[in-house]
Amino acid sequence: MDKGMDRTPLGREFFDRPVLEVAPDLLGRVLVRSTDEGAIELRLTEVEAYAGEIDPGSHAYRGRTARNSVMFGPPGHSYVYFTYGMWHCLNLVCGPEGKASGVLLRAGEIRVGAEMARKRRFSARHDRELAKGPARLATALDVDRALNGVDVVAGRRRPLSVLQGSPVAPDQVRSGPRTGVGGAGAHQPWRFWIDGDPTVSPYRAHAPRRRAT
DNA sequence: TTTCAGATGCTCT
DNA sequence: GAGCATCTGAAAA
């Protein structure tokens, strides 16, 4: 355990800021997932910002739908969606209400509850692979759409919350653009990660997939 | 070690 | 009906 770790939960005001301020600030914070079996704590090492209005890669870019309606709501809530027919991804809604922006939690380091995470991620060979990638992170933390729209900053016994954690020095934070995004904001660095951290998911250039014959 | 293609079903056009 | 904010296991080098 980290002796210098601050266990104060983050408040609503933390999330009620522009997404590009919140995203890098989430690095080094500790996400707590509480279940009946116990708690899993995860130090965030990689995140990605999604700004609904100007980001062509965002689910909310084309307006409100049944799926993304949580992103249009107040900050400090979780947004969970199902993708590729198999996986869930966990986001935290931020920015002023109505802005439809959020931060995708891409990777992290399990600090507490690794045994529970290993049960769900039995194929992981090393602990650093337990939450290396957004779908793996959601799997390790037992996150599914039942957690969509959960308030992470208020209420007793909430299943998800975020602690202050241990801050990351600014020179440790790296950022870069997403691939395959054009239009407004194409040069905006949407991804943020902790430099050299072994739990950061590997960069993969976007490659067109060949059709099956 | 890196690269590749298949799996899978929800969501929007 | 096409595309998707991905992962995994197998195979090559």
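Values below: every heavy atom of this structure, side chains too, minus hydrogens, waters and symmetry copies. Every chain is numbered from 1 and lettered A, B, ... according to where its sequence line falls, protein lines coming before strand lines.
You'll find the side chain of F14(A) stays beyond 4.5 Å of the side chain of V162(A), heavy atoms only. Residues L105(A) and L31(A) are in side-chain contact: their nearest non-hydrogen atoms beyond the backbone lie under 4.5 Å apart. Side-chain atoms of M71(A) and S58(A), non-hydrogen and from C-beta on, do get closer than 4.5 Å to each other.
Closest approach to the A135(A) side chain among dT6(C), dA5(C), dT8(C) is made by dT6(C) (side chain taken as heavy atoms from C-beta onward). The side chain of R62(A) has dT13(B) as its nearest neighbour among dT8(C), dA5(C), dT13(B). When distances run from any side-chain atom of M86(A) to the nucleotides dT6(C), dC12(B), dA7(B), the shortest one goes to dA7(B). Set against dT8(C), dC7(C), dC12(B), the side chain of T65(A) has dC12(B) as its closest nucleotide. Out of dT11(B), dT8(C), dA5(C), the shortest distance to the side chain of R67(A) is found at dT11(B).
Across L141(A) and I110(A), no two heavy atoms sit closer than the pair CD1-CD1, 4.1 Å. Considering every non-hydrogen atom in both I40(A) and A117(A), the closest pair reads CD1-N, 4.3 Å.
A donor-acceptor pair is defined here as one N or O able to donate and one able to accept, closer than 3.5 Å; no such pair exists between the side chain of N91(A) and the backbone of G102(A).
If you take CZ of R145(A) and P of dT11(B), they are 5 Å apart, rounded to a whole angstrom. Across the protein-nucleic acid pair, F82(A) atom CZ and dG3(C) atom C1' stand 15 Å apart, rounded to whole Å. As rounded to whole Å, 15 Å separates atom P of dT8(B) from atom NE2 of H88(A). Atoms CG (D144(A)) and C1' (dT6(C)) sit 17 Å apart, rounded to a whole Å. We find that CH2 of W87(A) is positioned 22 Å from P of dG3(C), with the value rounded to whole Å. Residue Y61(A) contributes atom OH, which lies 19 Å from atom P of dG3(C) at whole-angstrom precision. Atom CG of N148(A) is separated from atom C1' of dC10(B) by 14 Å (rounded to the nearest Å). At whole-Å resolution of the value, CZ in R120(A) and P in dT8(C) are 15 Å apart.
By the 5.5 Å and 30° criteria, Y50(A) is stacked with the base of dA5(C).
A close approach under 4.0 Å does occur between a side-chain nitrogen or oxygen of R121(A) and OP1 or OP2 of dT8(C). Taking 4.0 angstrom as the limit, S123(A) places a side-chain polar atom (N or O) nearer than this to OP1 or OP2 of dT8(C). The shortest distance between the side-chain N/O atoms of H59(A) and the OP1/OP2 oxygens of dT11(B) is not below 4.0 Å.
Heavy-atom neighbours of Q172(A) CD from other residues, nucleotides or ligands within 6.0 Å: above the threshold of 12.
Residue T139(A) is classed as having no contact, given no heavy-atom separation below 4.0 Å to the nucleic acid.
Judged by atom type and distance alone, Y81(A) reaches the base of dA5(C) through a side-chain donor-acceptor pair under 3.5 Å.
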### Task
For DNA chain B, just give me the dot-bracket, please: Watson-Crick or G-U, both distances below 3.5 Å, ( ) intra-strand, [ ] crossing earlier pairs, | paired with another strand, . unpaired.
|||||||.||||.
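Aromatic pair H59(A)/Y50(A): ring centres not closer than 6.0 Å.
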